[in-house]
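Note on naming: letters A, B, ... go to the chains in the order of the sequence lines (proteins, then strands), and numbering restarts at 1 for each one.
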Amino acid sequence: MRPFSARETVREILAKAVGELVAEGVVGAVAPEAISVERAKRAEHGDFASNIALALAKPAGKAPRVVAEAIVARLPRGGSSPIVEASVAGPGFINVRLAPVFWQETLAEILAAGDDWGRAPTRTAPKILLEYLSANPTGPMHVAHGRHAAVGDALARLLRFAGYPVTSEFYVNDAGNQVHMLAQSVWARYMETARAADPAVPTVPFPENGYKGDYVRDFGRTLFARDGARWVGAAPPSDIEPIRSFAIAESLGIIRATLERFDVAFDVWQSERALHEAGDVAETLAALDAKGFIDRHDDAVWLKTTALWGDDKDRVVVKSDGLPTYLLADIAYHRKKLARGFDELCDIWGADHHGHIARMQAALKAFGEDPARLRVILIQIVSLLRDGKPVAMGKREGEFVTLDEVVSEVGRDATRYFYLMRRHDTPLEFDLELAKRQSLDNPVYYVQYGHARCAAIRRRAVEMDAPQRPPLSPELAAELALPEELAILRRLAEFPDFVADAAAAREPHRLTTYVADLAGEFQSYYTQLQKVHDDTILPQERHRTGDWQATWDWRKTAARLYWIDAIAQVMRNALGLLGVSAPESMPRPPTTTKEDDS
RNA sequence: GCGGCCAUAGCUCAGCUGGAUAGAGCAUCGGUCUACGGAACCGAGGGCCGGGGGUUCGAAUCCCUCUGGCCGCACCA
């Protein structure tokens with residue numbers, strides 16, 4: 001069976017050649033997957049390059065070029081081998097060029113695979129629990145949450161596509177101070193509404209650090225509309241529980257609606273309160289205590305973090321009021337996740353939580369677990385730009401821009417694409433003007449336009465009532481002989497490698513780079529075909545004279561139409577992993593003429 | 001003070017886990033042009049990859065150190 005990517009094909013052939021040398025005792029053994037194969041950066045180097053000779057030479061006490069020559073001598077060329085050319089370059093690189101036929105054959109594979117082109121075979125391990133977003137249920141999501149949602153969801157899609165078993169999970173922080181404060185804020189707003197209806201209702205002060213957003217007023221009004229004056233007599237905090245539950249449910253409702261609109265779905269919603277109620281938190285405390293990591297003084301319970309991982313001071317896990325801290329709950333949560341049978345806990349956190357990583361990993365160590373099983377992806381801040389200037393966001397006063405507002409303004413596709421354009425650990429500047437611009441300097445528009453253009457060409461081909469397309473055969477695919485056509489075929493063939501690499505690195509943003517490069521390469525080809533090669537995919541007006549239908553090269557057109565189908569397919573697959581749609585056509589902006597400028 | 005992240009073209013950023021001559025988009029300047037969707041394309045200029053040291057055949061990438069920026073170091077989450 002043919003390996004699922006070009007790179008793997010080359011790796012396999014190299015491994016065989018190296019294996020022969022190993023058997024002859026020329027070099028030491030090496031695992032096939034340890035043989036590095038990279039796509040060549042320069043066309044004159046061929047398609048792929050390997051530094052395996054450089055790696056093997058030193059331990060064997062041989063000159064790298066000599067080892068490289070020996071490997072190259074064992075690489076089959078021509079005939080049934082996909083390799084047409086192999087050479088030694090520089091200090092000992094092995095450059096390999098594959099036959100055009102090899103790339104042409106991938107065309108049929110891509111079209112046959114369709115939506116599955118790039119999908120890796122399913123694996124059983126590692127089982128990954130991807131926990132992300134986990135926004136406090138205290139109000140609407142803002143722009144920073146949006147980046148978490150976009151990255152997390154794209155990563156989930158990417159990992160699944162790359163064959164990993166993944167469960168996505170939203171951890172609901174429905175216990176602790178934040179939701180308590182929300183409940184008090186809602187109650188205060190509720191009292192305002194109640195007083196408006198009945199002046200006899202007493203005035204209550206709004207909590208000092210309460211949630212001041214307008215949505216809290218809405219919650220208060222909704223509560224009053226539902227329950228009337230029932231909670232007027234309630235004096236927080238003794239009887240606040242029903243109000244807290246109400247506020248959490250309302251917040252989660254808002255969050256779920258936003259996520260649905262943003263096309264983000266979670267497999268599991270895990271409640272923190274449920275962990276407390278099930279006794280997981282208490283049990284974790286007892287387990288830590290049994291291992292001697294717990295200290296009690298000053299009315300509080302302490303985790304001996306100084307002893308555990310050289311922290312500068314011990315940390316409180318149960319406050320003097322008897323309530324557990326988030327640290328203890330989080331330890332219990334992660335312990336529980338491992339107990340649920342996951343091999344890797346992949347968490348996406350805000351960069352301001354980085355200090356927490358070492359603590360959580362050490363906590364895993366306390367239970368005898370490998371700390372590396374917790375893999376944390378830190379997301380840097382997002383700043384919105386309008387007219388080139390940052391949009392002020394004072395979270396304290398509740399004046400933040402919500403994710404809903406951004407999506408409403410620039411659309412879901414642009415929002416997701418922009419969030420995914422940058423590596424997650426670098427701060428992101430989100431240019432609202434650029435994101436909603438319907439022109440090709442907008443990266444997401446440019447990429448989508450590339451797909452729409454493919455679709456337009458197909459539509460035109462149908463309208464033109466060309467002869468029926470012959471089935472795709474190797475002979476037909478051989479019509480794709482231009483260097484640009486082969487280069488794009490190569491890029492399409494590499495898509496599975498990009499998917500595998502991006503998934504292994506947990507870096508979905510690489511797909512934006514890939515799809516933007518592909519779109520750019522296609523646009524360039526499209527224009528250059530006519531300018532440089534004086535050729536077109538479909539016959540133009542000027543071609544349609546005389547007996548043009550008999551003389552036009554319909555075979556080449558047919559091959560190129562299959563090829564364009566494949567380009568559109570790969571664009572769809574890549575955009576699908578990003579959660580961005582691939583439109584069949586783009587809205588036409590108003591055309592401006594030169595006369596309008598004066 | 002301790003710890004983490006970052007520093008690449010004028011601007012915004014890639015750079016595929018150590019490879020060959022560091023790339024793209026904007027912006028600037030110049031060009032193509034009866035045009036399949038020109039809403040396009042091509043080219044040029046622009047870089048001591050923050051500074052210094054080290055590891056090695058080879059470093060933007062790994063280690064040390066300095067500088068500058070962001071962020072953590074609660075009986076908040």
Side-chain angles (χ1 to χ4, degrees), chain A residues 36 38-42 45 49-51 54-55 57-58 63-64 89-93 95 134 136 138 173 175-181 209 272 298-302 311-313 315-327 329-330 350-358 378 380-381 385 388 421-423 425-429 431 434 438-443 445-446 449 452-453 455-457 459-461 464 494 497-498 500-502 504-505 507 509-510 512-514 516-517 520 523-532 536-543 585-586 588-589 591:
Chain A
S36 122
E38 315 184 322
R39 64 200 182 89
K41 282 181 186 151
R42 315 186 69 82
H45 293 154
S50 176
N51 62 3
L54 291 162
K58 190 157 193 190
F93 293 107
N95 289 332
S134 300
N136 283 334
T138 52
N173 295 117
N177 270 341
Q178 310 291 345
V179 286
H180 184 66
M181 186 56 72
N209 293 317
E272 181 188 347
D298 298 333
D299 293 329
V301 181
W302 303 74
D311 207 345
D312 47 3
K313 57 192 162 194
R315 305 283 162 176
V316 171
V317 287
V318 180
K319 297 180 279 180
S320 49
D321 62 7
L323 295 173
T325 62
Y326 86 104
L327 175 61
D330 237 18
D352 54 345
H353 287 66
H354 67 80
H356 197 44
I357 298 175
L378 293 179
Q380 276 289 356
I381 55 167
L385 291 184
M421 270 198 307
R422 305 291 178 231
R423 231 178 39 228
D425 58 354
T426 64
L428 174 70
E429 287 196 344
D431 188 333
L434 179 61
Q438 300 204 336
S439 67
L440 298 181
D441 51 355
N442 176 356
Y445 194 92
Y446 185 83
Y449 175 67
R453 193 172 224 181
I457 294 167
R459 280 195 297 271
R460 249 193 100 76
M464 178 162 283
E494 282 169 356
D497 295 331
F498 264 88
D501 290 348
E507 290 183 356
H509 78 276
R510 290 190 196 182
T512 59
T513 309
Y514 175 86
D517 286 348
Q523 302 281 55
S524 171
Y525 163 84
Y526 189 76
T527 304
Q528 293 293 95
L529 181 63
Q530 178 152 304
K531 298 280 174 289
V532 177
T536 55
I537 292 165
L538 296 169
Q540 302 304 291
E541 201 59 46
R542 63 193 149 93
H543 297 120
S585 64
M586 301 298 283
R588 273 178 186 273
T591 45

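- No donor-acceptor pair under 3.5 Å is formed between the side chain of A/S36 and the backbone N or O of A/S50.
- A/T426 pairs by the side-chain hydrogen bond (donor to acceptor under 3.5 Å, both in side chains) definition with nothing, not counting sequence neighbours.
- Checking A/Y446 against A/R459, the closest nucleotide of RNA chain B that is more toward the 5' end is the one next to A/R459.
- A donor-acceptor pair under 3.5 Å is formed between the side chain of A/T325 and the backbone N or O of A/V316.
- By the ring-ring contact (aromatic ring centres under 6.0 Å, His included) test, A/H543 is found to be paired with A/W552, residues two or more places apart in sequence or in another chain being considered.
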Could you run through nucleotides 18-26 of chain B and give me one letter per nucleotide, 5' to 3': B if any protein heavy atom sits under 4.0 Å from the base, S if only the sugar-phosphate is that close, - if neither?
-BBB-S---

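- Under the rule for a side-chain hydrogen bond (donor to acceptor under 3.5 Å, both in side chains), A/N209 has no partner lying at least two apart in sequence or in another chain.
- Residues satisfying the salt bridge (charged side-chain N to carboxylate O under 4.0 Å, His left out) test with A/R315, not counting sequence neighbours, are A/D311, A/D312.
- Map A/Y449 and A/D501 each onto its nearest nucleotide of RNA chain B; the residue landing nearer the 5' end is A/D501.
- Between the side chain of A/N95 and the backbone N or O of A/A49 there is no donor-acceptor pair closer than 3.5 Å.
- Partners of A/H356 according to the ring-ring contact (aromatic ring centres under 6.0 Å, His included) rule, which considers only residues two or more places apart in sequence or in another chain, are A/Y326, A/W349.
- Taking the side-chain hydrogen bond (donor to acceptor under 3.5 Å, both in side chains) definition, one finds that A/Y525 meets it with A/E485, A/R560, sequence neighbours left out.
- A search for salt bridge (charged side-chain N to carboxylate O under 4.0 Å, His left out) contacts involving A/D352 returns nothing, not counting sequence neighbours.
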With the sugar-phosphate defined as primed atoms, P, OP1 and OP2, and the base as all remaining atoms, what B/S/- string results for nucleotides 3-14 of chain B, 5' to 3', for protein heavy atoms under 4.0 Å?
BBSS-----SSS

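- When distances are taken from the side chain of A/K531 to each of B/rU32, B/rC42, B/rC16, the shortest belongs to B/rU32.
- For A/R542, there are no salt bridge (charged side-chain N to carboxylate O under 4.0 Å, His left out) partners two or more places apart in sequence or in a different chain.
- For A/K319 and B/rA74, the shortest distance from a side-chain N or O to OP1 or OP2 is not below 4.0 Å.
- Qualifying salt bridge (charged side-chain N to carboxylate O under 4.0 Å, His left out) partners for A/D441, counting only residues two or more places apart in sequence or in other chains: A/R437.
- Nucleic acid contact for A/L529: base, since at least one base atom lies under 4.0 Å from a heavy atom of the residue.
- Picking from B/rC16, B/rC41, B/rU56 the nucleotide with the shortest atom distance to the side chain of A/T527 gives B/rC41.
- At the phosphate of B/rG37, OP1 or OP2 sits under 4.0 Å from a side-chain N or O atom of A/R460.
- Considering only the side chain of A/E507, B/rG15 comes nearest among B/rG15, B/rG37, B/rA77.
- Stem regions for RNA chain B, each three or more consecutive Watson-Crick or G-U pairs with both distances under 3.5 Å and listed by first number, read B:1-5 with B:69-73, B:10-13 with B:23-26, B:28-32 with B:40-44, B:50-54 with B:62-66.
- Atom CD of A/Q523 is separated from atom C1' of B/rU32 by 17 Å (rounded to the nearest Å).
- When heavy atoms are screened at a 4.0 angstrom cut-off, A/Y514 is found touching no nucleic acid atom at all.
- At whole-Å resolution of the value, CD in A/Q178 and P in B/rA74 are 16 Å apart.
- Evaluation of atom-type donor-acceptor distances gives a pair under 3.5 Å for the side chain of A/Y445 against the base of B/rA39.
- At a threshold of 4.0 angstrom between heavy atoms, the contacts of A/S36 with the nucleic acid are absent.
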